[in-house]
Colleague: 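Provided herewith is a single structure, encoded as structure tokens, for subsequent inquiry.
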Amino acid sequence: MKNNSSLSVIACCAFTLAMSMTSCTKKVYVPAQDTTPAPTTVSNPTTPVLPNGEVELSTFCIDDAYDKPGEYMAGLGIAEDRPDRARAIVDANRVAIADIASRYVGMIKNAIEDYSKDTNVPSSKKMYESSLEGDAKAIGSKVIDKYANAVCRKFTQSATGGYVGYVAVHILLEDVKKGLTEELEVRKVDYDKKKFFEKMDQELAAGAAKQKEEIDAMK
């Protein structure tokens, strides 16, 4: 009986060991499936990527900074690295006013020069810049200050924390001519208005073409 009992114990142990070995051989490591979605490339419409991989930076208000022949003159002002948003906008506005005023003064001077050379203008109606005692700049500043309006104001913050302001300014051509007429009348300048403003229109057209080239170069 003791032999049979021992054999039973041995057989039981052997069976248990065999089952344990069989169970171990069936354990296979299966890596967990990666459920992370594949990365996608999202294009930012405000900073389009060019074919060569470079990023095209946007200049705010630039679409409003072009002259519109027959309707208005425009000026663009950009002020960088300002301590706060208000200062950025104020300084950009000053730059825009200076931009449009300098162009306007140049047009006035060129129009006066061309008009005064016109042989069809009677000598009594000729207008010389020298006779205005250098007042072209003063005339331009007064007209711009009186009639110009900001049509776009934007700001951004740079990586260094400073603010950048963008301002576009417009002045209607009817106000360009109205203001100039007012200032010439104050100075009692005798001239042929029709012929003079024909020269002014030519200058405005030439100025618009030049301005477009300059702004396009900024893009």
Side-chain angles (χ1 to χ4, degrees), residues 34-110 134-176 179-180 183 203-219:
D34 187 2
T35 57
T36 304
T40 57
T41 302
V42 180
S43 60
N44 187 335
T46 60
T47 54
V49 178
L50 302 178
N52 59 4
E54 295 178 352
V55 175
E56 181 181 355
L57 300 178
S58 298
T59 301
F60 295 102
C61 296
I62 199 165
D63 290 337
D64 294 304
Y66 292 93
D67 287 355
K68 189 170 183 180
E71 189 169 340
Y72 59 77
M73 287 179 64
L76 176 65
I78 301 175
E80 300 180 293
D81 198 26
R82 297 308 192 265
D84 53 63
R85 292 176 293 181
R87 177 68 178 275
I89 292 298
V90 168
D91 288 353
N93 189 79
R94 289 174 180 164
V95 175
I97 289 292
D99 172 44
I100 198 171
S102 65
R103 293 174 51 236
Y104 181 44
V105 170
M107 291 175 186
I108 293 173
K109 289 181 176 179
N110 290 339
D135 280 350
K137 185 174 182 180
I139 291 172
S141 298
K142 284 189 176 182
V143 174
I144 297 299
D145 288 344
K146 185 175 182 179
Y147 292 108
N149 293 298
V151 295
C152 177
R153 292 188 181 95
K154 301 286 185 182
F155 67 86
T156 58
Q157 192 169 16
S158 66
T160 59
Y163 288 88
V164 184
Y166 305 83
V167 173
V169 172
H170 287 180
I171 177 170
L172 298 176
L173 294 190
E174 61 185 52
D175 291 332
V176 165
L180 180 54
E183 291 301 318
E203 284 299 317
L204 290 168
K210 183 178 180 181
Q211 183 210 31
K212 187 176 187 304
E213 291 178 3
E214 293 173 349
I215 293 182
D216 284 347
M218 296 173 59
K219 291 186 174 182

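Along the sequence shown, residues are numbered consecutively beginning with 1.
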Colleague: Between Val167 and Ala92, what is the shortest heavy-atom contact and its length?
Modeller: CG2-CB, 3.7 Å
Colleague: Measure up the Tyr72 and His170 rings against each other and bin them: parallel (under 30°), tilted (30 to 60°), perpendicular (over 60°).
Modeller: parallel
Colleague: Under the rule for salt bridge (Lys or Arg N to Asp or Glu O under 4.0 Å), what residues qualify as partners of Glu71, not counting sequence neighbours?
Modeller: Lys68
Colleague: Can any side-chain N or O of Asp99 pair as donor or acceptor with the backbone N or O of Leu76 at less than 3.5 Å?
Modeller: yes
Colleague: Which heavy atom of Ala88 sits nearest a heavy atom of Ala79, and at what distance?
Modeller: O-CB, 3.7 Å
Colleague: Rounded to the nearest 0.5 Å, how far apart are CG of Asp135 and CD1 of Ile108?
Modeller: 10.5 Å
Colleague: I want to check something: taking the side chain as every heavy atom from C-beta on, are Phe60 and Val164 in contact at a cut-off of under 4.5 Å?
Modeller: no
Colleague: How close do Pro69 and Leu173 get, counting heavy atoms only, and between which atoms?
Modeller: C-CD1, 4.5 Å
Colleague: With a 4.5 Å heavy-atom cut-off, do Asp84 and Phe155 have their side chains touching?
Modeller: no
Colleague: To the closest 0.5 Å, what do you measure between OH (Tyr163) and CZ (Arg85)?
Modeller: 5.5 Å
Colleague: List the steps and the verdict of side-chain contact (heavy atoms from CB on, under 4.5 Å) for Leu172 and Asn149.
Modeller: CA-CA 9 Å; Leu172 298 176; Asn149 293 298; over 6 Å; no
Colleague: Rounded to the nearest 0.5 Å, what separates atom CG in Asp67 from atom CZ in Arg103?
Modeller: 4.0 Å
Colleague: Using a cut-off of 6.0 Å, state whether more than 12 heavy atoms not belonging to Glu80 lie near its atom CD.
Modeller: no
Colleague: Report the distance from atom OG of Ser102 to atom CE of Met107, rounding to the nearest 0.5 Å.
Modeller: 9.5 Å
Colleague: State which residues pass salt bridge (Lys or Arg N to Asp or Glu O under 4.0 Å) with Lys109; sequence neighbours excluded, sorted by chain then number.
Modeller: none
Colleague: Ile144 versus Val169: any side-chain heavy-atom pair under 4.5 Å?
Modeller: no
Colleague: With a 3.5 Å distance limit and no angle check, can you tell me whether Gln211 reaches the backbone of Ala74 through a side-chain donor-acceptor pair?
Modeller: yes
Colleague: Within a strict 4.5 Å, meaning less than it, do heavy atoms of the Leu180 and Ile139 side chains meet?
Modeller: yes
Colleague: Taking only residues two or more places apart in sequence or in another chain, which ones pass salt bridge (Lys or Arg N to Asp or Glu O under 4.0 Å) with Arg87?
Modeller: Asp91
Colleague: Closest heavy-atom contact between Tyr66 and Lys212?
Modeller: CE2-CG, 3.7 Å
Colleague: Report yes if the side chains of Asn93 and Val90 come closer than 4.5 Å at any heavy-atom pair, otherwise no.
Modeller: no
Colleague: Show the nearest heavy-atom pair for residues Leu204 and Met73, with the distance to one decimal.
Modeller: CD2-SD, 3.6 Å
Colleague: Could you tell me if the side chain of Val143 sits less than 4.5 Å from the side chain of Asp175, heavy atoms only?
Modeller: no
Colleague: Would you name the heavy atoms of Cys61 and Ala168 that are closest together and state the gap between them?
Modeller: O-CB, 3.8 Å
